[in-house]
There are 2 protein chains.
Amino acid sequence: MDTSPVATLRHFNRAWSQRVGALDASFLGSGRPLGPSRLLFEIGPDGVGVRTLRRRLGLDSGYLSRLLRQLEDDGLVEVVADPADGRRRLATLTAKGRRERRKVDDRSERLARALVAPLTQTQRSRLDEALATAERLLRAATVVLEPVDALAPEAVAAVSSYFDELDRRFPGGFDPGDAIPHDAAGFAPPYGVFVLARGDDEVAACGGVQRLPDGVAEIKRMWVDPAWRGAGLGARMLGHLEAEAARLGHDVVRLDTNSTLVEAISMYEHAGYRSIERYNDNPYARRWFEKRLDGG
Amino acid sequence: MDTSPVATLRHFNRAWSQRVGALDASFLGSGRPLGPSRLLFEIGPDGVGVRTLRRRLGLDSGYLSRLLRQLEDDGLVEVVADPADGRRRLATLTAKGRRERRKVDDRSERLARALVAPLTQTQRSRLDEALATAERLLRAATVVLEPVDALAPEAVAAVSSYFDELDRRFPGGFDPGDAIPHDAAGFAPPYGVFVLARGDDEVAACGGVQRLPDGVAEIKRMWVDPAWRGAGLGARMLGHLEAEAARLGHDVVRLDTNSTLVEAISMYEHAGYRSIERYNDNPYARRWFEKRLDGG
DNA sequence: GCGATTCTCTGACTACAGTCAGAGAATGGA
DNA sequence: TCCATTCTCTGACTGTAGTCAGAGAATCGC
């Protein structure tokens with residue numbers, strides 16, 4: 001039933017935080033409070049902008065500033081102005097900071113190791129698989145879909161990744177031409193929409209709806225980042241775009257695809273799309289699909 | 001490899017605490033800090049001893065006392081002296097406290113529900129299964145085995161549960177007679193040992209080693225609590241008892257069992273035991289096994 | 001019955017996490 | 001060039017979590 005995963009989730013949460021919460025508390029063992037330790041981790045070996053840190057850790061700017069100052073006083077990080085924009089500042093680890101970070105890392109690693117030590121090899125693989133599955137699903141569950149301007153930098157980046165993938169997968173490659181600016185007009189309200197799926201501050205998927213000349217809706221540029229595949233994000237995006245199309249007043253959606261994209265084709269068929277005749281002159285398309293939104 | 005579950009574990013921990021840590025923080029939404037909220041939960045509908053609370057939550061006695069006082073002032077709990085022992089105190093929820101507890105519970109439930117809401121039914125079941133598997137394995141991994149006196153209350157309770165199970169499973173029932181006090185002598189050092197597996201403050205499994213009249217070691221009273229089965233605890237206990245036998249100077253161990261206990265038999269065979277002739281006059285035994293500890 | 005022990009409570013702290021308001025430098029757009 | 005905005009930092013707070021020492025009542029073991 002529906003209640004089961006919820007109960008399991010809550011139950012698991014208690015068990016987990018009792019046992020493995022120790023992995024966080026391990027930061028404490030380093031003689032440094034949690035805040036600075038997490039920060040040390042998040043800065044990473046290559047340094048990062050203060051602004052990014054603030055967003056990633058969800059900290060108050062004043063608080064973060066003080067934490068950084070503390071680490072700086074201990075000689076673990078260096079904070080310098082961003083040469084590209086004097087308002088921003090960049091934090092990097094010093095040699096001492098990198099050592100310290102490794103120490104905390106080792107500590108956490110040892111704790112994790114000790115935790116699984118009593119398990120047999122088989123049980124460890126089962127645990128590994130279970131946690132990986134759970135994480136993938138949880139990550140996918142917390143992805144949020146939101147409409148954006150098709151020319152917003154993140155949108156452009158996502159579509160470019162999509163085109164790059166097409167170029168790698170199509171036997172003859174793929175030439176986008178001026179597709180991005182050309183699409184943008186079609187994805188703009190009130191006749192279309194472009195949607196980004198965001199998780200962990202990353203773009204996980206994208207897709208858009210536009211109106212074909214004959215008034216029917218078309219779904220285009222649907223793409224899921226490889227790192228996010230296998231958790232039903234494609235189907236969710238598809239459903240979301242269909243709902244958007246319906247909201248825009250359509251009761252039929254179409255889409256085209258290339259025979260190479262077998263996962264996509266099976267997803268469309270699974271979602272109730274049926275094959276139709278060529279409805280456009282897209283030179284890369286080999287298959288055309290249509291779905292009635294009222295369930296017909 | 002060995003490193004993989006460790007990496008997954010640590011990775012999962014980050015993802016989990018970022019997303020689902022919200023389930024804890026949800027306590028905060030009740031206008032009450034985490035400490036008192038957790039306490040409200042742990043007291044439960046039936047009330048509980050303060051001492052138990054302290055152990056379960058791992059709190060300082062002074063701190064706990066203050067937390068309880070706070071909840072008492074809010075009219076949520078009542079703390080009264082234990083009639084059986086005037087030093088101890090018992091905490092119970094008032095009607096208002098029960099309402100408040102339910103409110104927090106609902107809140108957490110809703111959050112968990114919202115978390116899995118974007119997933120399809122199939123994905124939810126997969127998540128459910130993955131989390132349940134992970135929890136079972138983690139619980140098993142944190143079980144600790146330790147030698148105890150065979151007449152300690154927990155040991156007696158465990159063996160009694162074992163006998164009860166035999167009585168239910170054997171076609172003709174099982175009569176323990178004076179087995180418990182009789183065993184105790186054999187399990188006592190220096191010739192024997194009795195081991196309890198403890199997890200979550202519960203007894204998860206038990207088992208003992210004693211010396212047969214002919215000088216060979218015998219493993220007896222091995223039992224895993226039904227709630228803890230399916231995570232390899234039996235095999236772990238068996239291995240542990242073999243190691244204990246070796247430590248006591250033996251290089252051969254024997255054990256007997258009833259044909260009804262099929263899981264046990266397959267575990268013994270899997271662990272390298274081979275069937276032998278009857279070596280004792282146990283009226284309930286139908287199968288007898290032996291294993292050389294040096295690997296022969 | 002008496003001393004040692006167990007159990008809870010009080011007082012006096014400390015450290016950590018985080019918020020809020022506002023100042024000041026750098027930048028971008030009209 | 002100037003005004004609004006962005007970004008970081010400082011000062012002044014608040015609340016929560018938790019520790020430590022010790023007092024006082026009840027109980028246990030002899």
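The analysis underlying the following values was restricted to heavy atoms, covering all of them including side chains, and did not include hydrogens, waters or symmetry mates. Letters A, B, ... mirror the listed sequences (proteins, then strands); counts begin at 1.
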Hey, which sits more toward the 5' end of DNA chain D by its nearest nucleotide, B/L67 or B/G62?
->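 The residue whose closest nucleotide sits nearer the 5' end is B/L67.
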Between [X] ([atom1]) and [N] ([atom2]), how many Å, whole number?
| X | N | atom1 | atom2 | answer |
| --- | --- | --- | --- | --- |
| A/L90 | D/dC9 | CG | C1' | 16 Å |
| A/Q70 | C/dG18 | CD | C1' | 14 Å |
| B/L59 | C/dC7 | CG | P | 16 Å |
| B/L34 | C/dA17 | CG | P | 14 Å |
| A/R55 | D/dC7 | CZ | P | 10 Å |
| B/E72 | C/dC9 | CD | C1' | 12 Å |
| A/R89 | D/dT10 | CZ | C1' | 13 Å |
| A/D73 | D/dT10 | CG | P | 10 Å |

Between the OG atom in A/S65 and the CZ atom in A/R54, the distance rounded to the nearest 0.5 Å is 9.5 Å
Just how far is it from atom OG1 of A/T94 to atom CG of A/D74, taken to the nearest 0.5 Å?
->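 Those atoms lie 10.0 Å apart.
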Between [options], which nucleotide gets closest to the side-chain atoms of [X]?
| X | options | result |
| --- | --- | --- |
| A/P33 | D/dC9, C/dC16, D/dA17 | C/dC16 |
| B/P36 | C/dC9, D/dT10, D/dA17 | D/dA17 |
| A/D60 | C/dA17, C/dT19, D/dC9 | C/dT19 |
| B/Y63 | C/dC9, D/dG18, D/dC20 | D/dG18 |
| B/S61 | C/dC9, D/dC9, C/dC7 | C/dC9 |

Are A/D85 and A/R88 close enough for a salt bridge, meaning some N to O gap below 4.0 Å?
->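 Result for this pair is yes, salt bridge flagged.
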Residue A/E78 excluded, over 12 heavy atoms near CD under 6.0 Å = no
For atom CZ of B/F163, is the number of surrounding heavy atoms from other residues, nucleotides or ligands below 6.0 Å larger than 12?
-> yes
What is the nucleic acid contact for B/D85, judged by heavy atoms within less than 4.0 Å: base, sugar-phosphate only, or nothing?
-> sugar-phosphate
OP1 or OP2 of D/dC7 under 4.0 Å from side-chain N/O of A/R54 = no
Considering just the side-chain nitrogens and oxygens of B/R87, establish if one lies under 4.0 Å of OP1 or OP2 belonging to C/dT5.
->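 B/R87 to C/dT5 OP1/OP2: no side-chain N or O under 4.0 Å.
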So does B/R66 reach the base of C/dG11 with its side chain, donor to acceptor, closer than 3.5 Å?
->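 For B/R66, whose side chain was compared with the base of C/dG11, there is a donor-acceptor pair (under 3.5 Å).
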